[in-house]
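Worksheet for the structure shown next.
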Amino acid sequence: QAQLVESGGGSVQAGGSLRLSCTVFGYTGSTYSMAWFRQAPGKEREGVAVILTDAGHPYYADSVKGRFTISQDNAETTLYLQMNSLKPEDTAMYYCALSYRGWIPPDRWRQTGNYNVWGQGTQVTVSP
């Protein structure tokens with residue numbers, strides 16, 4: 001069973017930057033998708049960005065396009081989320097998620113049911 005461990009959360013003022021990391025343990029499959037989700041208090045968990053091994057480019061939620069960048073290290077054991085120009089509305093618990101499928105239709109990647117393994121989350125707080 002794969003395990004995901006996130007790190008890098010914290011508190012920052014609006015306009016600042018943070019980089020989240022997610023290390024993957026115990027997964028040896030050749031196809032997968034990895035995503036970042038976030039959940040603010042009282043709100044549903046929402047997809048932020050995803051990397052699909054069978055796609056040519058990552059996908060982003062409209063709310064973070066141009067500000068957030070998802071990437072992986074060359075060994076594909078660590079997923080990153082570089083967050084720039086942070087806003088108070090970005091405040092949430094951020095989760096890393098792994099799907100055993102290399103392709104998720106673009107209109108469905110933000111659905112939590114498409115992912116098999118979740119990390120424990122890391123808190124991001126952005127003050128005005």
Side-chain angles (χ1 to χ4, degrees):
Q1 176 74 14
Q3 290 186 326
L4 309 177
V5 178
E6 301 103 332
S7 62
S11 297
V12 65
Q13 289 189 322
S17 299
L18 286 173
R19 189 175 81 156
L20 306 183
S21 299
C22 171
T23 302
V24 183
F25 298 94
Y27 184 68
T28 58
S30 60
T31 61
Y32 60 89
S33 299
M34 290 203 69
W36 287 100
F37 281 72
R38 66 185 181 186
Q39 188 168 19
K43 295 188 177 181
E44 293 187 353
R45 193 169 296 190
E46 62 172 0
V48 175
V50 66
I51 288 180
L52 310 173
T53 55
D54 293 345
H57 60 85
Y59 291 88
Y60 295 92
D62 288 343
S63 59
V64 306
K65 281 181 182 176
R67 300 188 299 121
F68 291 10
T69 303
I70 188 171
S71 64
Q72 285 179 291
D73 66 342
N74 289 337
E76 299 182 352
T77 58
T78 304
L79 183 74
Y80 301 101
L81 186 68
Q82 178 66 43
M83 306 185 294
N84 299 328
S85 302
L86 282 161
K87 304 175 181 180
E89 51 263 44
D90 295 318
T91 295
M93 185 72 78
Y94 282 71
Y95 297 90
C96 177
L98 168 70
S99 172
Y100 297 151
R101 295 186 290 166
W103 170 256
I104 301 172
D107 62 340
R108 298 182 183 177
W109 71 264
R110 302 187 72 192
Q111 297 175 3
T112 58
N114 287 310
Y115 298 86
N116 304 97
V117 184
W118 293 83
Q120 82 287 353
T122 185
Q123 178 68 38
V124 171
T125 302
V126 185
S127 57

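Throughout, numbering of the chain's residues begins at 1 and tracks the sequence.
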Applying side chain to side chain contact (heavy atoms under 4.5 Å, CB included), run through Val64 and Arg38 and close with a yes or a no. CA-CA 12 Å; Val64 306; Arg38 66 185 181 186; 4.0 Å; yes

Tyr80 and Arg19: CA distance, side-chain angles, deciding distance, side chain to side chain contact (heavy atoms under 4.5 Å, CB included) verdict: CA-CA 7 Å; Tyr80 301 101; Arg19 189 175 81 156; 3.7 Å; yes

Take Ile70 and Leu79, measure what side chain to side chain contact (heavy atoms under 4.5 Å, CB included) needs, and give me the verdict at the end. CA-CA 7 Å; Ile70 188 171; Leu79 183 74; 3.8 Å; yes

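In this structure a side-chain-to-backbone donor-acceptor pair under 3.5 Å is missing from Thr53 to Thr31. Put simply, the side chain of Gln39 never gets that close to the backbone of Ala92: no donor and acceptor are under 3.5 Å apart. The main-chain N or O of Ser127 is never found under 3.5 Å from a side-chain atom of Gln13 such that the two would form a donor-acceptor pair. The main-chain N or O of Ser33 is never found under 3.5 Å from a side-chain atom of Trp103 such that the two would form a donor-acceptor pair. For the pair Asn114 (side chain) and Ile104 (backbone), a donor-acceptor distance under 3.5 Å is absent.
In this structure Lys65 satisfies the salt bridge (Lys or Arg N to Asp or Glu O under 4.0 Å) test together with Asp62, sequence neighbours excluded. Applying the ring pair (Phe, Tyr, Trp, His ring centres under 6.0 Å) criterion to Tyr27, with sequence neighbours excluded, gives Tyr100.
The structure places OG1 of Thr112 at 12.0 Å from CD of Glu46, a figure rounded to the nearest 0.5 Å. Note that OH of Tyr115 and CG of Leu4 are 12.0 Å apart. Values are rounded to the nearest 0.5 Å. Rounding to the nearest 0.5 Å places NZ of Lys43 at 15.5 Å from CE of Met93. Note that CZ of Arg45 and CD of Gln111 are 14.5 Å apart. Values are rounded to the nearest 0.5 Å. Within the model, atoms CH2 of Trp36 and OG1 of Thr122 stand 7.5 Å from one another, a figure rounded to the nearest 0.5 Å.
With respect to Met83, the side chain to side chain contact (heavy atoms under 4.5 Å, CB included) criterion is satisfied by exactly one of Thr69, Val126, Leu18: Leu18.
Minimum interatomic distance between Leu20 and Gly9 (heavy atoms only, all atoms of both residues): CD2-N, 3.6 Å. What you find for Met34 and Cys96 is that their closest heavy atoms are CE-SG, 3.5 Å. Of all heavy-atom pairs spanning Ala49 and Leu81, the tightest one is CB-CD1, 4.3 Å. Residues Gly47 and Ala61 approach most closely at O-CB, 3.5 Å, considering heavy atoms. When all heavy atoms of Asn84 and Ser17 are compared, the pair lying nearest together is OD1-OG, 2.9 Å. Heavy-atom minimum distance, Trp109 versus Pro106: CD1-O, 3.0 Å.
Cluster annotation: Val12 and Phe68 are assigned to the same hydrophobic cluster (Ile/Leu/Val/Met/Phe/Trp/Tyr, side-chain heavy-atom contacts under 4.5 Å, transitive). Under a hydrophobic-cluster definition in which Ile, Leu, Val, Met, Phe, Trp and Tyr are linked whenever side-chain heavy atoms come within less than 4.5 Å, directly or via other members, Leu52 and Tyr95 are assigned to the same cluster. Leu86 is not connected to Phe37 by any chain of hydrophobic side-chain contacts under 4.5 Å among Ile, Leu, Val, Met, Phe, Trp and Tyr, and they are in different clusters. In the hydrophobic clustering of this structure, Leu98 does not group with Val5; members are Ile, Leu, Val, Met, Phe, Trp, Tyr whose side-chain heavy atoms approach within less than 4.5 Å, directly or through other members. Val117 and Ile51 fall within the same hydrophobic cluster, defined by Ile, Leu, Val, Met, Phe, Trp and Tyr side-chain heavy atoms under 4.5 Å apart, directly or through other members.
Using bins of under 30°, 30° to 60° and over 60° for the plane-to-plane angle, the ring pair Tyr59/His57 lands in the tilted bin.
Environment of CD in Gln3: sparse, with no more than 12 heavy atoms of neighbouring residues, nucleotides or ligands closer than 6.0 Å. Crowding of Glu89 atom CD: a count of heavy atoms from other residues, nucleotides or ligands under 6.0 Å exceeding 12.
Looking at heavy atoms from C-beta onward, Tyr60 lies out of side-chain contact with Arg67 at the 4.5 angstrom threshold.
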